[in-house]
Amino acid sequence: MTWETVIGLEVHTQLATHTKIFSGASTEFGAEPNTQACAIDLAMPGTLPVLNEEALRMAVMFGLAVDADIGKISAFERKNYFYPDLPKGYQTTQLEKPIVLGGHLDIELADGTTKTIRIHHAHLEEDAGKSLHEDFHGMSGIDLNRAGTPLIEIVSEPDMSNSDEAVAFAKKLHAIVTSLEICDGIMAHGSMRFDVNVSVRHKGDELGIRTETKNLNSFRFMEKAIKKEVERQIDLIEDGGTVLQETRLYDGDTDTARSMRSKEEANDYRYFPCPDLLPIEIDQAYIDAVKASLPELPDARHQRFMEQYQLSSYDAGVLGDDAATAHYFETTTEQCGDAKLAANWVSGELAAKLNSEDMAIQQSPVSAEQLAALIKRISDKTVSNKMAREVFEVMWQGEGDPDSIIEARGLKQVSDSGAIEAMVDEVIENSSKQIDNYLNADEAKRPKMLGYFVGQIMKASKGQANPQQVNEILLNKLNALL
Amino acid sequence: MHNKTLAELKIGLAKREFSSVELTRHFLDRIKSLDENYNSFISVTEDSALASARQADTNLSTGEASALCGLPIAHKDIFCTNGVRTSCGSRMLDNFVPPYNARIVDNFAAAGAVVLGKTNMDEFAMGSSNETSYYGPVKNPWHTDCVPGGSSGGSAAVIAARLAPAATATDTGGSIRQPAALCGITGLKPTYGRVSRWGMIAFASSLDQGGPMAHSAEDAAMLLNIMAGFDARDSTSAERKVPDYTATLNQDIAGLTVGIPSEYFDEGLNPATEQAVREALAELEKQGATLKDISLPHSHLSVPAYYVIAPAEASANLSRFDGARYGYRCKDPVDLHDMYMRSRAEGFGDEVKRRILVGAYCLSAGYYDAYYNKAMQVRRLIKNDFESAFNEVDIIAGPTCPNPAFEFGAKGDNPVAMYLEDIYTIAANLAGLPAMSLPCGFVDEKPVGLQLIGQYFEEARMLNIAHRYQLATDWHQQSPAGIQL
């Protein structure tokens, strides 16, 4: 019998506002604990929330980018539960009247076809703080820096049928929100976090019981968690069991999941409209103004990259889907003037390096300007491709400017034909035996024998001689001896 | 000095009949010698009061005096005061010293007022008798075996007992008007959104509103001038120009139509109270106003709707008091759950717990529609009642409370009987309308209050009517026995 998987996603996306959704405290990542929590974030008595208009605008931008309706009247509610990282004892969120209604986006499947995934809604809410369980001698520490950071929670319809589609959807969302510059997209900072709802059924049956696996913070973990959960549910049913509606936690480090709470244990959040915040009324003029200000979206950029830079669809995707990568690529191209080399370096050397160190492109120690400077040295033949990789390695270590690295390490390619000629002459002089062999050899065998001389010359130049020139000069000299 | 109104004291200061330091010392001395009889203050801020008074005297002498320069007032202990404990009448906040001021506290500081201290109140403003305060009940200066009303009982009592000429207060279901009535003073609840709620500890956010308490409508107008105004830190604050409330006090009231809601004169009203109120209405008629019988047909639903909505909001508003960041924390909690449970069990009093339970129940799955949603529907009906009424009348008048002050413990075992004391005041909060209470007579030597309910943002007209009434009567000038010490 064929099993079918049904997947829906809830994506918590941190908005890239400077200040929090209801207070003036900074949202910058990585500050000392509790240095970015003001009286409002601490839920001090008598303090009141005021909506950050920037967060609202960003939510509207997202809605327009996925072709959704914008709620003309949207409202905040209080979701009540006690937890130390939730200072007010309720989360201010939206339930009945979310800001973004409906919407859809297309994902590309492995076979090259596209599939439309519908979005149910997206709502504005505040993030919670963090509980820290280490280094407190059996107690817990609370860091409220993140408390009140604006989020949009994007809720998909259950339109995905395997982990690949879920990942493609998540990556597309990532591409959209980073292109809109409403989210920095840095997964390691928790800027996007995924809850996955998974159920299985026999083809044609009614929807099965679903489980929710919460707080997955990378595409890889999401993929693994979904596969694991699908496998678990199928095994369970095939062994005669039933899936329980529950919330599960996945541990990426050990690739294991466990039940967190069952439906029966689920909280009653006692939602009700937040009386401290009036409903938001949005008029068409506001929506039109936001629409007019939307930057280029990933699908449009994909198309443009193929046309403007003559990239393959694949390369246009690699370089253009993520806004930060696209920006990096375009800056590099603009500065070095060679789109092909820039594309090769950004999607090759740089991507590999970022990948191996699990870094986002914004965190790259080599800036687009610096990479462009290096590519220029390849174009003008100051360095070979091989040398350039060496220089890049040094740049990655934080030494910056490629020219000074090339200079300091003596990596400059020797293109001075006089100098190369001298080296060639010297090698010919010191290799009389090999020269004799060469001259007496069959014409067909001679090209293979050139390697020896080239090797000697490169050795003499400490690898810095321009190999093309070496070949050229050597061949001329040898031909003259014939 | 202590029998003078704020307006009179202002003239006295301007004429150098006394200095602000003398005035402040006089009230501080009275508090010291008399407040043990009333228990109306939770904190007295003698040093900072005298420092402000000295500053005020300097400013008065150099002619830099702002509106309330050198005039003593008291703040209800629900308003956060930077560096001064703000308890909200609760053990939960007995140790809480805010590092910020409520907006209105800043306003009064900027106006040059001298703050004598923080007044006693029902715990988290939940009560109609001041019996729920962690600091013990306030006693009614007219009859110390009677309640002063609540929750702003402390603010009402300090004025009645002449321990301060004016005070701030808050009103969620009658907490300014009912104690004003029971203590024989003038109190005003502004339109919802007129006075910033920033730094005012929330009970029920959609109903809470700060306002003034004083001897007279004129004084209340002076205070409201300072309190009212837009505040960008309060999203429910009204972005609307503030008139000078003292400028129109003397306007003629002839030709105004006063609506008399039949529902406010039903069988629950004490006949002697009714008689005092009817006489007050006759005085308005005498001055040329027309009395018109009206109906507010959903009045009987205001108490039940209020006791769903207010506790529902309170149940969330009071969640922040969890022992984690400030306020009361139980001794030696063994784990998080224990800390939450015992801190809240030990930090909150019975009435607060009752309302949190009721509120959480009304919002819980399966009950939300039957209670919260239904109450919100009723709230709209009540609002509609007023809107229809104001098509025909300029102001609505009636009793503030069904009865004069009752004795301590009289309703202690019966929360519903206590809740019914607010039967005439609650509707204005549900509708968000401005309303006030002013003295209009006595029953068994206990003050009776006349309530006025105005159209949205028409505090000025309400104050105008009240002032004209007070020009013709002297109920507001009466003081309890033994006050002339």
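To find a chain, count down the sequence lines: A is the first, B the second, and so on, and within it residues start at 1. Note that the coordinates shown come from a computational prediction; the quantities given were computed from them, not determined experimentally. FYI, side chains are in, hydrogens and waters are out, and symmetry mates aren't considered; it's all heavy atoms of this structure.
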Item checked: A:Lys214 and A:Asp195 ion-paired at < 4.0 Å -> yes

Check: What residue, out of B:Pro99, B:Ala202, B:Ala316, has the most heavy-atom pairs lying under 4.5 Å from chain A?
Finding: B:Ala316

Check: Are B:Arg355 and B:Glu351 within salt-bridge range, i.e. N to O under 4.0 Å?
Finding: yes

Margin query: I need the residue from A:Asp276, A:Leu278, A:Leu51, A:Leu277 with the largest number of non-hydrogen atom pairs under 4.5 Å to chain B.
Written below: A:Asp276

Check: So which of B:Tyr372, B:Phe96, B:Tyr368, B:Tyr100 has the biggest tally of heavy-atom pairs under 4.5 Å with chain A?
Finding: B:Tyr100

Next item on the list: Evaluate the ring planes of A:Tyr269 and A:Tyr271, with Trp represented by its six-membered ring, and classify them as parallel (under 30°), tilted (30 to 60°) or perpendicular (over 60°).
Entry: perpendicular

Next item on the list: Output the option from A:Pro87, A:Ala39, A:Pro84, A:Gly89 having the highest count of non-hydrogen pairs under 4.5 Å with chain B.
Entry: A:Pro87

Note to self: To check you understand the geometry: which heavy-atom pair defines the closest contact between A:Leu144 and A:Ile142, and what is its length?
What the structure shows: CD2-CG2, 3.6 Å

Checklist line | Under 4.5 Å from any heavy atom of chain B - which part of A:Asp268 | finding: side chain

Item checked: Distance-only side-chain donor-acceptor flag, B:Tyr135 / B:Asp94, under 3.5 Å -> yes

Next item on the list: Identify which part of B:Ala324 has an atom lying under 4.5 Å from any heavy atom of chain A, answering side chain, backbone, both or neither.
Entry: neither

Check: Between B:Ser43 and B:Arg85, does any side-chain donor sit less than 3.5 Å from a side-chain acceptor?
Finding: yes

Notebook entry, point to check: Going by distance alone, is a donor N or O of one side chain under 3.5 Å from an acceptor N or O of the other, for A:Asp41 and A:Ser23?
Noted result: yes

Notebook entry, point to check: What part of B:Phe124 gets closer than 4.5 Å to chain A, counting heavy atoms only: side chain, backbone, both or neither?
Noted result: neither

Next item on the list: Please say whether more than 12 non-hydrogen atoms of neighbouring residues, nucleotides or ligands are located less than 6.0 Å from OH in B:Tyr340.
Entry: yes

Notebook entry, point to check: Between the side chains of A:Ser259 and A:Glu246, does any donor sit under 3.5 Å from an acceptor?
Noted result: yes

Margin query: Report which part of B:Phe79 has an atom under 4.5 Å of a heavy atom belonging to chain A: side chain, backbone, both, or neither.
Written below: neither

Next item on the list: Let me know if B:Phe321 has heavy atoms under 4.5 Å from chain A in its side chain, its backbone, both or neither.
Entry: side chain

Checklist line | Interchain contact, B:Arg325 with chain A, by part (heavy-atom threshold 4.5 Å) | finding: side chain

Next item on the list: Give the member of B:Asp322, B:Ile78, B:Thr86, B:Asn317 that has the highest number of heavy-atom pairs under 4.5 Å with chain A.
Entry: B:Asn317

Next item on the list: Give, as side chain, backbone, both or neither, the part of B:Ala312 having an atom under 4.5 angstrom from any heavy atom of chain A.
Entry: backbone

Next item on the list: Could you look at B:Arg344 and say if it's the side chain, the backbone, both or neither that has a heavy atom under 4.5 Å from chain A?
Entry: side chain

Next item on the list: Specify which of B:Cys88, B:Ser364, B:Ala232 makes the most heavy-atom pairs with chain A at under 4.5 Å.
Entry: B:Ser364

